[in-house]
Structures are given as C-alpha cells and as structure tokens.
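Labels below follow one simple rule: chain letters A, B, ... track the order of the sequence lines, proteins then strands, and each chain is numbered from 1. Keep in mind that this is a model prediction, so the values were computed, not measured.
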Amino acid sequence: MPELPEVEFVARQLRDDLVGRRIRRAEVFWPRAIQGLGVPEFEAGLAGRVVTAIGRRGKYLLIYLDDGAVLLVHRRMSGNLRLAASDEDEPYVRVAVTLDDGRRLLYTDPRKFGRLALARAEELPALFAALGPEPLDPSFTVEALAARLAGRRGPIKAALVDQSVVAGLGNIYADEALFRAGIHPLRPASSLDPAEVAALHMGIVGVLRAGIEHGGTTFSRYRDAYGESGTNRQHLEVYQRTGEPCIRCGTPIERIVVGQRGTHFCPSCQRARPFSGTGQARRRRAT
DNA sequence: CTATAAACCTGCTGGC
DNA sequence: TGCCAGCAGGTTTATA
C-alpha cells in the first residue's frame, strides 16, 4: 500500500528523471482510472507538455506541466508508477505516458483502485482543503498534532489514518508510529496526555523518515519508479508480525480490527490504559 | 458535526 | 490436488 514514504521516494526518483522531458502522448487503457475529465480530454491535455516539477501532498503525487496544469496520481492500494524503457512492458498497465526519448511512464494497477486527474495548479489548494498537515513539514509540531486530536472520540488508530488529521499515514505507518510511542491503538484520540502526544509525534516523524530512507515498504505490490522493491519491510516492528515476539519485550504481537482495518500492536508495550498494568512490565520509551 | 459501514476491485491465502 | 469463499485496505459515498 503506497503511503507517504512510498509516494515521496518515487517523487524523488521522478524528479531526477522526468523534469524537463516532453510528453509525446498519453494512452488510457482503463477509463475509470481517470477522474474528472473524459479520456480524450485527459490524453489531449498531456500530449506535447513539458514536465516542469514533481511534488507530493499526502499520498498524492503531483506532476507539474508547462501550461499550468498538474497531473495528480493517487495509487490507492496496488498502483505503481514505473519509468520503463521503450521496449519494456508490464502487466496491468492502466495508463501509459510516452516521453520524447521513447521511454514510457507506466501507471500499473491490478486492483484498479488508483486514480489520475488533471487539474490547474491554482485549483490545488481547494482540492486539498480537507487534507491535514504534512507530517514532515516544520509546521507539523506537537501542538499541531494535539490540536487535530482534540475533541475526537474515536480510537487513536482511526484518527491517524484519517487524512484530515495528518496527511500521508496509512495502515502500516500508523501501527508502527503507535508502537514507537507505546500507545494502545484503541485509546480514545482525545485521551492522550501531552507526553503521549509528544511521543506519538516523534513516532510518526520517525517511521516516515525511516520508510523513505529504506525506499518504502514492499509486501507484494509496491515497487519504485525503476521496478525495485523497498527494504523497509525488514525494519517494521509490529505490522504483519502477528504472533511473532515483540522486538522490545518478547510478548507475541497481537492483531485486532480497528475501524475496519487490521491493527497490530504489542499488548505489553502498548497498554490500553496508562499505568494500569500488572506491575510486571516496565514502561519504556522508544529512543 | 462525528462516525460507522458498504462499495469499489482482483490477486492471494487458507480451509476442506 | 483443486476449488472457492473470504481477506486485504485508501478513499468516496451513504447512512445512522
């Protein structure tokens, strides 16, 4: 599942390789992947344009064009963007963008959940009005996180994957951030004390930075712009580790469902209520 | 307003 | 060995 680190890593790759290139033509093979415009208008809107910049907002990849338009790509569950040589092909190609040097930017997506859209750059603020702060931006402070969590009665895990609270966290990094902070996923979001919010802030920023550093988390699908897997999976501490020993205390990792999503946590390191344990386990801080 | 649930999709897993 | 129900989850839309 592409989350912020997977989108950011590919954005950096495409920035090096795509900026300055002219688009020869675009072909849509799965019309429902295009949002807003009809397929002919979408294809015509890309043909002949030069890529001027690459950006990212939350899980959206932004490809800026020389006429003031922006191509938005959201990969949802199984989408990938791959820069392929002219003679290379891939399965599940939904959209193909041919560049002036013959290479193709391929949007592949077995599940067909991902969406592409073409917008004017000046429309972006309105389009992203409901998105929360960028967690790697300096403006994302402990206070900013606390303000977003205040008044929310649902579980903290559900709040973290809500894009209006923080932009870019998905199921993997939300579970990882809660583990680093030592917070139980079912804790009401508004019940965290200031120290816990600070620990969670550090956890969020930490897991996202690590994810980018390791080229993203690959389970079955995610690949980068050159078709390579990310290595962050081997650095995950709870996600998809059900039954395996906690790296901190050895207790088997548990899996529950929170807000319709599989949620992984250590029942010893992440207590349901602070200081409500048997006294057997010590509270520890992630370093 | 908040919040919960279904729908969108198809490859993969696990049970029999 | 083979079949198939059910799971996986980001976002939008619908409903309570």
Identify each atom pair where a protein N or O and an N or O of nucleotides 4-6 of chain C are less than 3.5 Å apart, giving names and distance.
none

With respect to the phosphate group of dA8(C), does any side-chain polar atom (N or O) of R76(A) fall under 4.0 Å of OP1 or OP2? no
Is the distance from OP1 or OP2 of dT11(C) to the nearest side-chain N or O of H74(A) less than 4.0 Å? yes
With D175(A), the salt bridge (charged side-chain N to carboxylate O under 4.0 Å, His left out) member among R261(A), K157(A), R255(A): K157(A)
Between R261(A) and V257(A), name the one whose nearest nucleotide on DNA chain C is closer to the 5' end. V257(A)
Looking only at side-chain N and O atoms, does Y60(A) offer a donor or acceptor that is under 3.5 Å from a partner on Q163(A)? no
Roughly, in whole Å, what's the span from [atom1] in [X] to [atom2] in [N]?
{"X": "L4(A)", "N": "dG10(C)", "atom1": "CG", "atom2": "P", "value": "13 Å"}
{"X": "R115(A)", "N": "dT12(C)", "atom1": "CZ", "atom2": "C1'", "value": "10 Å"}
{"X": "M77(A)", "N": "dA8(C)", "atom1": "CE", "atom2": "P", "value": "10 Å"}
{"X": "D109(A)", "N": "dC8(B)", "atom1": "CG", "atom2": "P", "value": "16 Å"}
{"X": "F113(A)", "N": "dG10(C)", "atom1": "CZ", "atom2": "C1'", "value": "8 Å"}
{"X": "D175(A)", "N": "dG10(C)", "atom1": "CG", "atom2": "P", "value": "10 Å"}
{"X": "E6(A)", "N": "dG10(C)", "atom1": "CD", "atom2": "C1'", "value": "13 Å"}
{"X": "Q35(A)", "N": "dT13(C)", "atom1": "CD", "atom2": "P", "value": "8 Å"}

Minimal heavy-atom distance between L61(A) and A11(A), with the atoms involved, is CD1-CB, 3.4 Å
Ring centres under 6.0 angstrom apart (H201(A), F140(A)): yes
Can we call the ring centroids of F219(A) and Y239(A) under 6.0 Å apart? yes
Tabulated below should be each protein N or O lying under 3.5 Å from an N or O of nucleotides 3-5 of chain B; please produce it.
unit_1 : atom_1 : unit_2  : atom_2 : d
dA3(B) : OP1    : R153(A) : N      : 2.9
dA3(B) : OP1    : G154(A) : N      : 2.9

Scan [X] against the nucleic acid and name what it touches under 4.0 Å (heavy atoms): base, sugar-phosphate only, or nothing.
{"X": "R32(A)", "result": "sugar-phosphate"}
{"X": "Y92(A)", "result": "sugar-phosphate"}
{"X": "Y222(A)", "result": "nothing"}

Can you tell me if CZ on R153(A) sees more than 12 non-hydrogen neighbours from other groups inside 6.0 Å? no
Gap between atom CZ of R57(A) and atom CG of L124(A) - 0.5 Å precision: 10.0 Å
Identify whether NZ of Lys or CZ of Arg in R233(A) sits under 6.0 Å from the centre of the six-membered ring of Y222(A) and within 45° of that ring's axis. no
Under a 3.5 Å distance rule, please check whether E43(A) uses its side chain to pair with a backbone N or O of R25(A) as donor and acceptor. no
